[in-house]
Trainee: 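Below are the structure tokens for one structure; questions will follow.
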Amino acid sequence: MQQFLQKLKTQPVMSGTSTGQAFWHATAADETDSLLDSYSPVDGQLMARVHPTVREDYDKVVETARAAFLKWRAVPAPRRGEIVRQMGEQFRQYKKELGTLVSYEMGKSLQEGMGEVQEMIDICDFAVGQSRQLYGFTMHSERPDHRMYEQWHPLGVVGIITAFNFPVAVWSWNAMLAWVCGNVCIWKPSEKTPLTALACQQIIKEVLEQNDVPEGVSCLITGGREAGTWLAEDPRIALVSATGSTRMGKAVAQTVSARLGRYLLELGGNNAIIVTPHADLNIAVPAIVFGAVGTAGQRCTSTRRLIIQESIYEDVKNRLVKAYGQLRIGNPLDEKNHVGPLIDQAAVAAYQTALFHVKEQGGRLLLDGEVLEGPGFESGCYVRPAIAEMPAQSAIVQHETFAPILYLLKYRTLEEAIELQNGVPQGLSSAIFTLNLREAEQFLSTGGSDCGIANVNIGTSGAEIGGAFGGEKETGGGRESGSDAWKAYMRRQTNTINYGTSLPLAQGIKFEL
Ligand code: UN1
């Protein structure tokens with residue numbers, strides 16, 4: 001790991017500095033008691049001690065970013081795209097190192113760590129193309145010798161608050177698009193994964209320097225909730241894009257709304273898969289297992305609920321129990337293992353509390369969860385994935401627990417299944433497994449899934465970057481990454497131009513002097 005850190009030019013102990021054009025500011029305080037300690041959930045080792053940004057330094061960061069915006073917005077968008085293309089090349093070069101660091105700091109499997117870096121590379125490629133496609137409509141004016149069109153301008157400083165579970169990819173979805181659109185970014189990563197964020201800044205630093213990008217285009221602040229609040233309250237931050245819990249998102253939305261700022265939220269999910277009697281169980285079962293235990297159940301898109309038609313219920317249940325029996329839990333850097341640790345002890349406690357509620361609320365555990373102990377599990381963060389049969393209306397099923405717990409629910413008609421699927425406060429991802437066209441189309445119709453993502457014969461997690469990513473209800477309504485998500489990072493301006501010799505007014509109004 002030291003070797004990787006060295007290659008990433010990232011020091012495990014960070015003090016206040018500015019790393020060339022990739023600007024980050026932390027306190028150069030002597031006291032070490034306020035340091036953010038990043039412990040690896042893999043083996044419990046202290047990976048880094050990072051100085052949290054203090055308010056005074058935050059203000060310097062924002063001012064540096066604002067000054068950089070004035071220069072960056074004048075750079076032609078395709079040229080900005082070219083710089084993002086070079087960043088993509090850097091991420092290709094460092095895929096193994098960064099993927100390994102993600103796996104070690106966050107605990108997801110090495111495969112998924114590498115997959116996360118691949119998402120970064122993909123969004124860089126996407127953003128390069130987007131840099132030449134910031135299209136506005138043209139309209140035909142109702143007045144003679146007039147022309148109408150709309151154009152898109154950058155917003156200014158974009159604040160990006162990210163969660164521990166995708167410590168690098170979600171930043172890149174936001175930053176790459178925000179940059180090609182002409183914005184500058186201030187990133188506040190999760191206090192649980194500061195080292196991967198610092199590594200990203202190091203990786204892109206060379207590109208920023210070589211292209212004479214002004215300091216402040218890519219900024220990083222470190223800290224906990226307080227630093228997020230600074231961004232939310234600050235009228236100098238044009239857009240706050242926040243990924244995390246619904247509780248955090250509501251606080252950000254309220255604070256940003258109070259100043260009529262813009263926000264983009266990607267919050268909790270409580271994603272379900274419906275399995276109908278027409279499902280191909282050979283593809284459904286692995287999709288369910290990956291959805292439920294991938295990233296140890298800590299994706300926003302993780303599968304938490306399985307809604308199974310009663311005639312195949314026993315069959316699906318037995319296949320799942322068998323498949324779970326083959327899962328290997330352990331060090332995520334060992335590619336033989338499927339499931340790594342939860343992020344920290346607090347996550348383990350939340351997992352245990354949820355299992356307690358399962359029993360208390362009349363659920364039946366088909367596979368008991370447990371916290372694993374012994375050699376290899378010293379960090380205390382490894383848990384066994386659990387499956388519970390639940391009464392449909394149980395309160396715990398309405399709740400998103402970031403852990404590998406899968407709730408099984410039974411249905412009779414597809415209408416009933418869709419109602420169950422929609423009957424939670426969250427609305428991120430959903431899926432149906434069926435080879436029946438009518439069932440699939442009913443699930444996708446207006447009266448079908450109410451989620452931002454609705455898949456057929458694909459699990460709830462693992463979305464490609466090309467689609468708009470996000471969801472409804474308590475998921476927050478925002479859309480990030482592909483499709484036309486770029487519009488969230490720009491302001492629209494409608495322009496009407498009169499090239500004639502008279503001044504006709506719209507709506508036929510006469511005003512003669
Ligand atoms: C998240 O969990 O916040 O669709 C993002 C997926 C990944 C992204 C998840 N591409 O599972």
Side-chain angles (χ1 to χ4, degrees), residues 91 99 102-103 106-109 111-126 160-177 187-190 192-193 196-197 241-249 252 264-273 286-304 338-340 342-343 347 400-404 406 426-431 449 451-456 458-472 474-483 485:
F91 289 123
V102 166
S103 175
M106 185 275 158
K108 62 176 67 179
S109 74
Q111 276 289 317
E112 292 181 84
M114 304 275 246
E116 176 158 359
V117 182
Q118 187 58 47
E119 277 199 52
M120 305 176 82
I121 295 167
D122 293 344
I123 196 70
C124 287
D125 287 355
F126 183 92
I160 305 170
I161 300 170
T162 57
F164 76 86
N165 64 337
F166 273 79
V168 290
V170 173
W171 161 72
S172 70
W173 296 351
N174 283 280
M176 301 307 157
L177 285 183
W187 180 16
K188 192 206 89 63
S190 165
K192 295 175 184 174
T193 51
T196 43
S241 175
T243 305
S245 68
T246 297
R247 193 175 52 90
M248 177 278 294
V252 167
L264 197 173
L265 301 176
E266 197 256 287
L267 311 174
N270 190 350
N271 317 296
I273 294 181
I288 295 161
V289 179
F290 178 71
V293 311
T295 323
Q298 298 172 105
R299 291 191 187 208
C300 299
T301 52
S302 290
T303 308
R304 312 211 176 275
H338 302 103
V339 186
L342 291 176
I343 184 70
E400 177 192 43
T401 305
F402 247 38
L406 182 65
Q426 310 84 352
L428 179 56
S429 187
S430 60
S449 166
C451 292
I453 297 170
N455 296 333
V456 177
I458 292 192
T460 55
S461 64
E464 301 175 17
I465 61 93
F469 184 89
E472 304 302 330
E474 284 197 356
T475 302
R479 291 297 184 275
E480 291 171 329
S481 84
S483 185

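The structure presented is a predicted model; accordingly, all values stated were derived computationally and were not measured. In listed order, ligands and their atoms are each counted from 1.
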Trainee: Hey, does Ile123 have a side-chain heavy atom less than 4.5 Å from the side chain of Glu119?
Mentor: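 The answer is no, as the side chains (C-beta and beyond) never meet within the 4.5 Å cut-off.
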Trainee: For a side chain to side chain contact (heavy atoms under 4.5 Å, CB included) with Thr475, tell me which candidate from Leu428, Leu265, Ile453 qualifies.
Mentor: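 Between Thr475 and the candidates, side chain to side chain contact (heavy atoms under 4.5 Å, CB included) is satisfied uniquely by Leu428.
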Trainee: Got more than 12 heavy atoms from elsewhere within 6.0 Å of CD, Gln111?
Mentor: no
Trainee: Is it true that a side-chain atom of Ser245 and a backbone atom of Met248 form a donor plus acceptor pair closer than 3.5 Å?
Mentor: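 At least one qualifying donor-acceptor pair exists.
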Trainee: So if I only count non-hydrogen atoms and take anything under 4.0 Å from ligand 1, which residues does that give, chain by chain?
Mentor: Glu119, Asn165, Phe166, Trp173, Glu266, Arg299, Cys300, Thr301, Ser461, Gly462, Ala463, Phe469
Trainee: Which pairs with one or both residues in residues 462-471 pass salt bridge (Lys or Arg N to Asp or Glu O under 4.0 Å), sequence neighbours excluded?
Mentor: none
Trainee: Ignoring hydrogens and geometry beyond distance, is a side-chain donor-acceptor pair present between Thr246 and Gln426 at under 3.5 Å?
Mentor: no
